[in-house]
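Everything on this sheet refers to the single structure shown next.
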Amino acid sequence: MTRLSSYFLPTERDPPADAEAISHKLMVRAGLIRQVGSGLWSWLPAGWRIHQRVVQIVREEMNAIGGQELLMPVLLPADPWKRTGRYGIDELFKLNDRRGADMVLALTHEEIVTGHVAAAVRSYRDLPLILYHFQVKERDEARPRAGVLRTREFIMKDAYTFDRGAEGLEAGYEKHMRAYDRMCDRIGLEWYRVEADVGVMGGIGAHEYMAPCAAGENDVVLAPGYAANVEVASADAQAVQLPGGSDAPQSVPTPGMTTIDAVATELALPEGALLKAFPVIVDEDAMKLVVVRGDHRVNEIKLRTALGQDFRAARTDEIEARLGPPGFIGPVGAEMPILLDEGVAQGSYVVGANAPDAHLRGVEPGRDFRFEPVDVREVVAGDTVGGSAVRIEPAIEVGNIFKLGTRYSDPLGARYLDESGTSQLIWMGSYGFGPARAAAAAVEQYADEHGISWPRSIAPFDIEVVTLGKEGSEERTVADRLYAELTDAGIDTLYDDRDEGPGAKFADAELLGCPLRVTVGRRTLASGEVEVQVRRGRESRTVPVEGAAEAIAELWRGLP
RNA sequence: CGGGGAGUGGCGCAGUCUGGUAGCGCACCCGGCUGGGGGCCGGGCGGUCGCAGGUUCAAAUCCUGUCUCCCCGACCA
């Protein structure tokens, strides 16, 4: 029984003053969530129903691939985190219990689940395993933002696979990929599965599930048959008009011109006819020179992957000591490894001369400097993949799947005995999904100027019945009966029985965004009908009062 | 972490520059009208002006400190 007159659904006419994202504004206005602190949110009853519906879909798909649901604590002893090297992570909340023991709040549960498996699994016969739970995650985010899109505390479904080796992991990974495809479809999101960065913690493969929308924090690169996070995306660069070559580099004066723009303008060349040099330091003090086309940008994540290690940008004093004045540096004559981005085609370029106020023109990679080819530039819209131009759009990461390998089983000693009696490391994968983000993404993707428009599968209620009559009126009687019949038919129905004007009721119904709104009012009742509005598109029709519940339920079943 | 902004009733805001009885709209409560797109009239309730200290006869307003929140960027195993 959900009657709006006694339901805790505090709707607001105005969004919070400082809200920017659509989902932030609408979820607050619709009475789904309320803020407690920075990155801390309560889910009010209607909002929690949405969250629970997403959770149930995810649970069903996890169970369908043989996942076994369990529950692990949020408050954890610090020791396993010290063993895996994650105790130093800035986002990790650290605390002490009354005896002074180091404790942490879980960011995820690799350490704990691996500990359980390490303690219990002995034989290859005990594997594979898929374990998962829905549990609160705590992360001391540098900058929470946009309602429930990025919070410090949130519920995540995290699953872990335990296998005998790489092949088993591959199989578990494939299962999750199919399960994730299905759950995203069932939730009703527009989504992409994209190739993802594996991060510095190591890993051997990862995908992210991305829901495109304006409030997204990630950029995805898309072309027919291709989807990747811009952090790892590769594409063919757009061609640039290069000047004719020459036998040898020639110095040209460029006084005070320390930017690509200034030099290109001075020489009347496109920025892409220049090469940009980016000196980096690895292993404390070894300098390498990364070179990309003048109109391209170095993507630091791709560069880290290409280097196979962490790096930092060189300081000014290091650049001056080993190359030349910043703004005039280049690869010619540089006594250090040179990494040349593949976006630089054969041809003749302008580079810094490693001397004050001068550049060199007519420089040809290979002839005038030796290099190692790398792919480190950030893809931009219009680059091509397989001949098709890519587009780049913002997206929310709602899930990720990750091949961990032995990253955790090794430090935590999760081993088994194989058929030959040899001790082997267990191979692991981890698989996250954020129901709150999925809900927010759905809001972002389907909202219109009137409010939210939920996909049928995760709406807080299937149908909202609005009666325009006062207590004791015929409208009220018919609506009461319809409400009961819909509920009996298994439809989750919200009944707006408040003594409000029609405008307020319609506005609130469209703000909340249930897929169907049924209006029982004098106007249609006169001809023995009630009005049914499909929220998405806001088209209305009427159905006879006689048999209305079944007709409405049928209409509902056909909605997206 | 760098930059910018904001804390005044449940929500949205004015008042601060130039110190002098804390206001407006919405919401809420009471009465009445209205009844298909946030309707109308009348009457009400509700605020230690984020917190602490200081200046002053007097502080939302000036000064110092502090806390919190938001936005942009960096970061986000």
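In what follows, chains are A, B, ... by sequence order, proteins preceding strands, each numbered from 1.
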For this session: Go through the N and O atoms of the side chain of A:Arg498 and the base of B:G38, and report whether any donor-acceptor pair is under 3.5 Å.
Result: no

Problem set entry | Pairwise P distance for B:A22 and B:G50, with rounding to whole Å | 15 Å

For this session: Rounded to whole angstrom, note down the P distance from B:G5 over to B:C62.
Result: 16 Å

Exercise. Centroid-to-centroid, A:Phe461 to A:Tyr7, below 6.0 Å?
Worked result: yes

Report each atom pair, protein N/O against N/O of nucleotides 9-11 of chain B, whose distance is under 3.5 angstrom.
residue : atom : partner : partner atom : Å
B:C11   : O4'  : A:Glu12 : OE1          : 3.4

Exercise. Does any N or O donor sit under 3.5 Å from an N or O acceptor when you compare the side chain of A:Thr84 with the base of B:A77?
Worked result: no

Exercise. What is the distance from CG of A:Leu468 to C1' of B:G39, rounded to the nearest Å?
Worked result: 14 Å

Exercise. B:G35 P sits how many Å from A:Glu471 CD, rounded?
Worked result: 18 Å

For this session: Could you run through nucleotides 69-74 of chain B and give me one letter per nucleotide, 5' to 3': B if any protein heavy atom sits under 4.0 Å from the base, S if only the sugar-phosphate is that close, - if neither?
Result: SSBBBB

For this session: Go ahead and name the base partner of B:C62; Watson-Crick or wobble counts if both distances stay under 3.5 Å, otherwise write none.
Result: B:G54

Problem set entry | Whole-angstrom distance between B:C51 and B:C11, as gauged at atom P | 15 Å

Exercise. With distance as the sole criterion, is a donor-acceptor pair present between the side chains of A:His133 and A:Asp158 under 3.5 Å?
Worked result: yes

Problem set entry | Pairing partner of B:A74 (Watson-Crick or G-U wobble, both distances under 3.5 Å) | none

Exercise. Considering only the P atoms, how many Å lie between B:G10 and B:C49, rounded to the nearest integer?
Worked result: 14 Å

For this session: Determine the interatomic distance between P on B:U66 and the same-named atom on B:G3; round to the nearest Å.
Result: 16 Å

For this session: For nucleotides B:G31 and B:C72, find the distance between their P atoms and express it as a whole number of Å.
Result: 47 Å

Seminar exercise, completed: Sorted by chain and number, sequence neighbours left out, side chain to side chain contact (heavy atoms under 4.5 Å, CB included) with A:Glu475 holds for A:Thr467, A:Ser473, A:Val520, A:Arg522, A:Leu525

Exercise. Per the atom types in the model, does the base of B:G35 pair as donor or acceptor with the side chain of A:Lys470 at under 3.5 Å?
Worked result: yes

For this session: For nucleotides B:C29 and B:C45, find the distance between their C1' atoms and express it as a whole number of Å.
Result: 7 Å

For this session: Sticking with atom C1', work out how far B:G9 lies from B:U56, rounded to a whole angstrom.
Result: 29 Å

Exercise. Is A:Asp102 salt-bridged to A:Lys94, going by a charged N under 4.0 Å from an acidic O?
Worked result: no

Exercise. With no angle test and no hydrogens, is the base of B:G35 tied to the side chain of A:Arg476 by a donor-acceptor pair under 3.5 Å?
Worked result: no

For this session: Indicate, with a heavy-atom threshold strictly under 4.0 Å, whether A:Asp508 touches base, sugar-phosphate, or nothing.
Result: base

For this session: Give none if B:A22 has no partner; otherwise give the nucleotide forming a Watson-Crick or G-U wobble pair with it, both distances under 3.5 Å.
Result: none

